[in-house]
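Note sheet for the following structure.
Bear in mind that the values here come from a model prediction, so they are computed numbers and not experimental data.
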Amino acid sequence: MNWARVKEEPRLKTSLFTLMALISTTFSVANASDQQVTEIALVVSNCQLEQGAVLVDCISSDWRFPSYFEMPLDGSPGREVLATEDYHHFIQARLIQDSQSDRDTVLDVRYSDKPANALFRSAPSELQGYPADMRAFRSGHLEFDIKVLDWGKASDIAISIECGWPCSTSHIPLHIDEVGTWKSFAFSAQELVNKGLNLSRLSSAVNFIPTWDNQQGIHYQLANLRWVTGEIDNSLPYAPPDYWSNVATQDLDFIYQLARDNHPGAIDEQNPAFREYMETGYQTARAMAEAAKTEADYQTAISYYMAGFADEHFYVSFTGLSFEPPLWPGMDINMLGSQYLVNTVTPSGWPVALPEPGSELISCDGREVEALIDEDVLHYRFRDNSVRAARARYAPELFRVGGLGNRTPYKECVFAHQGRKTTYQMHWSAAPSGASNSARAQHREAYPASAMIEEIESGVYWVYLPTFLIDSEDDVAEFEQILAALKNLPEPRTLVMDVRFNGGGSSRWAFDILRSLYGSMSMVNLSLEAGGQYHYSEFRLSDQNLQYAKHHLARINPSTANAIARSGRQGKTWHTEQNSFGFAGRLAGFFGRLFSLSSDTQIVFLTSHSCASACLDFADMVRLLPNATHLGEETGVDSLYIDVNLDYPAILPSNLGQVIYPMKVWRKRFRDHNESYVPDILYDGDIFDTETVKEWVLTVI
C-alpha cells in the first residue's frame, strides 16, 4: 500500500512568455513495508489568468493541476489521481517548453501501458469555487490546441465536460488525422449545452478521452485551453431545455419514496394528515417540477413540497446549487415582538431614499406585511402560518429576492416611523456577499461559545446555555464542570437559564442540568405529577433506518441499537422505547414522591424563537418547576417526529443536496405537534441584544 505526501516550495519565474509563477512540488512516496522514499520532482503552475482561461502558457490558479479518474480494466475500484511524471502512474503530465511553435509552454501528456481507462481533466480550484459557475460564458465558446505525437493503441481522442455526475455532455470525437501537427478546436457553449452541459456547475474544464479500452501509449500535448466569452446575452440557456425538469422530477420522486419507505409519519395512524399531505403535496410539487426550466424553478418545486410538512426535522439541505447573489433594497428587516422593523440600512450612496432604522414595515405594493411573509416567504420554507417562530426566523428573507419562489421585487413599500407613515420607492441591487441580515447572527459573535456562569448581581447568576449539541470529550468535560458549579452555587439563588441561541442537541444535557440542581428522583416525581407518565418514542423499523441504528446508534447507545435490531428481526413495524413503564417505572414513581424540590432556587427561563428540539425538551421540564418564571420571546416549535439521520443523510440523485428525515415519533409528549411556549412576560425589543436584555431581566425578577 502506497501513500503520498505533498510539499510545496516556491521557485523563480523564467522567461516573459513562460509561467508567471511556478511551484516546485515534491512527492515523497514510501512503501508501507520498507519505508523507502522516492523523490519525484514536478513543476506545477500557479498563476493568475483572465477568467475562463485554464492553460495559456501556465495553468490558471482557478483550476487545479490536471488529474484523472483511473478505472482498471480488471473491474477493480477506480480512483482519482494527480497526473505526475511518476512512471508508476497511468498518465504522466508535465509543463514543458515548445521551441518549435509560438505556444511557448505546453502540457505534455503521456499514457503508460497500464491496463486502465481514464478521463484526463482539470477540476475547479478553491479560488473560484467548486463546482465552477460558467454561466457568463453561455454566449461564448471553449477552445484549445492539441498535437498528437504518438497514438499508441488509440485511434482518436474525444472530449466531454462534466457538471456533477451524472450531468455531462456526450462524448465529442475530435477526428484528429495527423501526427506531430498542432490542431485548434472551438466548441460553442450553446452546442455543449445542447449536448447536456449545465454551465452553472462545471466539475471539469474539459475531459480528454482517448479511445476507450485502447488508451495505452498515447502521447499528446495541449495548449491555449480556455473558455472565451462572447457578446453577453443572458437570455441564452445555460442548461439543456429539459435539464431542470428532469432533475427536479427525479429528486422529488426520490424524496417522496424516501418518506414513504422510512419516515414514521407515513405509517403513523395517529397522524393521517401527514400521509394525506405526503400524497397531495407531492402531486402539486411534481407538476411544478415537470415545468421547471431554471435552477430557481428546481429549488422552488423541491422546497414547496418540504415546506408543506412544516417540520424542522424533515428538510433538504442544498449543497450543489449556484445561485446568483439575491437582490436587496439597501436595508434589512427583522421581526421584533409583533412588528417587522428595519434593522440595518446601507450607509450611503443608495439611489433612492431609505427609511430610518427602527421603522416598521407596513405593506408593499398594496399587500399587508403578514400576507407578504405568508405568501412570499413561508409558502416555500415553512407552510404553517400559526408558528410565530417561523415568521421571526424567515422575516429577513422578505428583502432577499432571487431564486426560491421566483419572486418579483416590490416596487414601493410603506413604513411607519414615530407615528408617521411614508411610502418609499424601492431600488433593488445585488445583496452584499457575506453580510448577515439577521439580528441573531449579528449578536451571536459576542455570546459565549459554550456554557458559562456569570454572577451579574449578588445571588443572581446568568447561565449561558448556547447549545445542547455536546459531543466531543472536551465539550463533555467542560459541561460537566458547569453542572458541578451549578450544584454548588450558594443559596438562596436566582438562576437565569439563557437559551436564546440554543437550537437543540441532546436532551440528555438539558435534563442533567435539572438533575444536578434537584436530584433525579425529584424530577421523576415532578414529571409524573404533571403527566401521569413519561412520554415515549417509537422507532420506525424500515431497512434503511435499521442500517442507521446498526452503524451509528450502536456507537453511542449500543443497548438501544441492539433492542432495535431485535425488533427488526422479529418483523415488527415499530420499536417502542417505554422509559417509564413496567415495574421499574412504578418503583421510580413511588420513591420520587418521597423527594421534594428545593424552594431556595428561583429559575428565570429566558427564550427566543430559536429554542427548538432539545431546548424545548428542557422547556418542558423547566416550566413545571414551581419557582420558575418564563421570560423573553415565544419559543420555536418542533414536530412529534425526531431522531434525524444527520450522520447518514440521504443523497439526492442529482447530488445537489441531501435529505434529512426523522426516524422516531413521540407519544404522550407534553407539547403537541408544532406547539410553542409563550413566556409569562414577553420582551418586545431585540431579544438577542444581551446587555439590554440583562437590564430588562433585572427589572422584572
message: Heavy-atom count check: over 12 atoms from other residues, nucleotides or ligands less than 6.0 Å from E50 CD?
response: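 Counting neighbours around CD of E50, 12 or fewer heavy atoms of other residues, nucleotides or ligands fall under 6.0 Å, so no.
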More than 12 heavy atoms from other groups under 6.0 Å of NZ on K183: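 Yes, NZ of K183 has more than 12 neighbouring heavy atoms, counting only those of other groups under 6.0 Å.
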Is the centre of the [X] ring less than 6.0 Å from the centre of the [Y] ring?
X: W328; Y: F399; value: no
X: Y111; Y: H219; value: no
X: Y661; Y: H313; value: no
X: F69; Y: F90; value: no

Measuring from [X]:[atom1] to [Y]:[atom2], what's the distance to the nearest 0.5 Å?
X: K195; Y: I172; atom1: NZ; atom2: CD1; answer: 5.0 Å
X: T280; Y: Q283; atom1: OG1; atom2: CD; answer: 8.5 Å
X: Q299; Y: L404; atom1: CD; atom2: CG; answer: 4.5 Å
X: L252; Y: M288; atom1: CG; atom2: CE; answer: 9.5 Å
X: L202; Y: I161; atom1: CG; atom2: CD1; answer: 6.5 Å
X: S170; Y: L197; atom1: OG; atom2: CG; answer: 10.5 Å

field: Member of Q215, H89, E70, Q216 meeting the side-chain hydrogen bond (donor to acceptor under 3.5 Å, both in side chains) criterion with K114
entry: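 By the side-chain hydrogen bond (donor to acceptor under 3.5 Å, both in side chains) criterion, K114 pairs with just one of Q215, H89, E70, Q216: E70.
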task: Assess whether side chain to side chain donor-acceptor pair (under 3.5 Å) is satisfied between D251 and S654, documenting all intermediate values.
output: CA-CA 7 Å; D251 283 358; S654 67; 2.5 Å; yes
Indicate yes or no for a side-chain donor-acceptor contact from [X] to the backbone of [Y] under 3.5 Å, with no hydrogens or angles considered.
X: S204; Y: S122; answer: no
X: W428; Y: Y410; answer: yes
X: N545; Y: R540; answer: yes
X: T249; Y: N246; answer: yes
X: S125; Y: D62; answer: yes
X: D156; Y: H175; answer: yes
X: S303; Y: R381; answer: no
X: S542; Y: N262; answer: no
X: D133; Y: R135; answer: yes

message: Ring of Y304, cation from R383 - is the NZ or CZ under 6.0 Å from the centre and inside 45° of the axis?
response: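 R383 over Y304 ring: yes.
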- prompt: Between Y238 and R138, is there a cation-pi geometry (under 6.0 Å to ring centre, at most 45° from the normal)?
  reply: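 Not satisfied by the 6.0 Å and 45° rule.
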Electrostatic pair [X]-[Y], nearest N-O below 4.0 angstrom:
X: D332; Y: R400; result: yes
X: R407; Y: E375; result: no
X: R103; Y: D145; result: yes
X: R275; Y: E279; result: no

- prompt: Parallel, tilted or perpendicular: which fits the ring planes of F309 and Y305, with parallel below 30° and perpendicular above 60°?
  reply: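 The rings of F309 and Y305 stand perpendicular, inter-plane angle above 60°.
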message: Over 60° means perpendicular and under 30° means parallel, so tell me whether F120 and F208 are parallel, tilted or perpendicular.
response: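 Ring orientation of F120 relative to F208: tilted.
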Looking at every heavy atom in both [X] and [Y], which two are closest together, and how far apart are they?
X: Y648; Y: H551; result: OH-O, 3.4 Å
X: W151; Y: I176; result: CZ2-O, 3.4 Å
X: L73; Y: D213; result: CD2-OD1, 3.6 Å
X: A307; Y: H379; result: CB-O, 3.7 Å

Any donor-acceptor N or O pair under 3.5 Å, side chains [X], [Y]:
X: D108; Y: Y220; answer: no
X: D98; Y: W182; answer: yes
X: S155; Y: T211; answer: yes
X: Q48; Y: S61; answer: yes
X: T105; Y: D57; answer: no
X: Y282; Y: D253; answer: yes
X: D233; Y: S139; answer: no

